[in-house]
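Computed from a predicted model, the values in this text were never measured in an experiment.
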Amino acid sequence: MYELNSRVRYSETDIDAKLSLTGIMNYMQDCSTMQSEDVGVGIGYLGREKKAWLLSSWQIVIGRRPVLGERIKVLTWPYAVKGLYALRNFAILDEKGEYLVKANSYWFLMNTETGRPMRITDADTDPYGEFNPKIEMEDAGRKIAVPKEMEETGRLVVMKHLLDTNLHVNNAQYVDIARELVPAGTEIGEIRAEYRKAAVLGDEMVIKSTREGRSYLVSLCNSDGDVFANVELKETEM
């Protein structure tokens, strides 16, 4: 289990002075990245090996968003490999060790020369040590069911500030785009994201959305209808 300690910064908060949804995702992404760097299989190593870990899906359950200045502990650990996927949990805890956020995620290895998924070997997982038990939370799976007919609510062209070191739109950015469609003041208790096709610089992104019960469903596609990502943002149950 890998641990990252921090304090919620002003730059990470939303308009309500609490850690933003993007901030939550960035903390977890940073935590797993720092673990990879510390065990010697970080970005530099992966670049030399012509490999990249890509995220297939997120499921993030939010009990409470920490407030500005609050001290938090971010944890991550791998717990299984299933076929082409490596499964990893995350958690954000408060100073008392109480869970604020729990998350499950599916990852795959991509060959950066061919652009195709690779088989995960012991050499890829051994540096992280033994698998830890899976976190106690409902597993919603990788795929998000969205209606075939959804309202087009906007378009955007991918710019450089949306990209990460893989030159793809970063996984948190898709959720940030989807969040714009949620009414102000809505408290989100669960985030799900399914990533299908990496958007790159210059791509036009078509944004489609609908609401079903407490869930805001957003599909981010190209002009041909190929899906970059599907996102579900579920309101906190009052």
Determine, using the 4.5 Å side-chain heavy-atom cutoff (strictly less than), whether [X] and [Y] are members of one ILVMFWY cluster.
X      : Y      : result
Val101 : Leu87  : no
Leu55  : Leu162 : yes
Met1   : Ile135 : yes
Leu181 : Val175 : yes
Ile191 : Val227 : no

What are the two closest heavy atoms between [X] and [Y], and how far apart are they?
X      : Y      : result
Val182 : Thr186 : CG1-CB, 3.4 Å
Pro183 : Tyr216 : CD-OH, 3.4 Å
Val157 : Gly202 : CG1-O, 3.8 Å
Ala103 : Ile60  : CB-CG1, 3.9 Å
Met159 : Leu201 : C-CD1, 3.7 Å
Leu167 : Val200 : O-CG1, 3.7 Å

Is the shortest side-chain heavy-atom distance between [X] and [Y] below 4.5 Å?
X      : Y      : answer
Val231 : Ile177 : no
Leu75  : Leu93  : yes
Ser6   : Val74  : no

So, taking the atom named [atom1] in [X] and the one named [atom2] in [Y], what distance separates them when rounded to the nearest 0.5 Å?
X      : Y      : atom1 : atom2 : result
Asn104 : Met137 : CG    : CE    : 5.5 Å
Leu54  : His168 : CG    : NE2   : 6.5 Å
Lys143 : Ser56  : NZ    : OG    : 7.5 Å
Glu151 : Ile207 : CD    : CD1   : 12.0 Å
Ile188 : Ser215 : CD1   : OG    : 8.5 Å
Leu217 : Arg192 : CG    : CZ    : 9.5 Å

Practice problem: Check step by step if side chain to side chain contact (heavy atoms under 4.5 Å, CB included) holds for Leu163 and Val169. | Solution: CA-CA 4 Å; Leu163 306 181; Val169 172; 4.3 Å; yes
Do any N or O atoms from the side chain of [X] and from the backbone of [Y] form a donor-acceptor pair under 3.5 angstrom?
X      : Y      : result
Thr22  : Asp176 : no
Gln173 : Asn170 : no
Arg214 : Lys234 : no
Asn222 : Asp224 : yes
Arg65  : Gly189 : no
Ser219 : Asn230 : no
Thr76  : Asn89  : yes
Gln59  : Ala140 : yes
Glu95  : Arg71  : no
Lys102 : Glu136 : yes

Exercise. Apply the ring-ring contact (aromatic ring centres under 6.0 Å, His included) test between Phe90 and each candidate in Tyr99, Tyr27, Trp58, Tyr79; give the one that qualifies.
Key: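 With Phe90 as partner, Tyr99, Tyr27, Trp58, Tyr79 yield a single ring-ring contact (aromatic ring centres under 6.0 Å, His included), made by Trp58.
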Quiz item: Does a donor on one side chain sit under 3.5 Å from an acceptor on the other, for Asn171 and Gln29?
Solution: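 Per modelled atom types, Asn171 and Gln29 side chains form a pair under 3.5 Å.
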Quiz item: Can Arg179 and Asp14 be counted as an ion pair, charged N to O under 4.0 angstrom?
Solution: yes
Quiz item: Using a side-chain heavy atom cutoff under 4.5 Å and only I, L, V, M, F, W and Y, what cluster partners does Tyr10 have?
Solution: Leu68
Atom pairs and distances, donor-acceptor, side-chain atoms in residues 113-123, under 3.5 Å, two or more places apart:
unit_1: Thr114; atom_1: OG1; unit_2: Arg116; atom_2: N; d: 3.2
unit_1: Thr121; atom_1: OG1; unit_2: Ala123; atom_2: N; d: 3.3
unit_1: Thr121; atom_1: OG1; unit_2: Asp124; atom_2: OD2; d: 3.1

Quiz item: For the salt bridge (charged side-chain N to carboxylate O under 4.0 Å, His left out) test, which of Arg7, Lys18, Arg64 pairs with Glu70?
Solution: Arg64
Practice problem: Answer yes or no: are there more than 12 heavy-atom neighbours, outside Lys134 itself, under 6.0 Å from its atom NZ? | Solution: yes
Practice problem: Could you please spell out the steps behind the ring pair (Phe, Tyr, Trp, His ring centres under 6.0 Å) verdict for Tyr174 and Tyr195? | Solution: CA-CA 9 Å; Tyr174 294 99; Tyr195 304 98; 5.6 Å; yes
Can you give each donor-acceptor pair under 3.5 Å made by side-chain atoms of residues 35-50, sequence neighbours left out, with the distance rounded to 0.1 Å?
unit_1: Gln35; atom_1: OE1; unit_2: Arg88; atom_2: NH1; d: 2.8
unit_1: Gln35; atom_1: OE1; unit_2: Arg88; atom_2: NH2; d: 3.3
unit_1: Ser36; atom_1: OG; unit_2: Ser32; atom_2: O; d: 3.3
unit_1: Ser36; atom_1: OG; unit_2: Tyr128; atom_2: OH; d: 2.6
unit_1: Glu37; atom_1: OE2; unit_2: Ile43; atom_2: N; d: 2.9
unit_1: Asp38; atom_1: OD2; unit_2: Tyr2; atom_2: OH; d: 2.5
unit_1: Arg48; atom_1: NH1; unit_2: Gly44; atom_2: O; d: 3.4

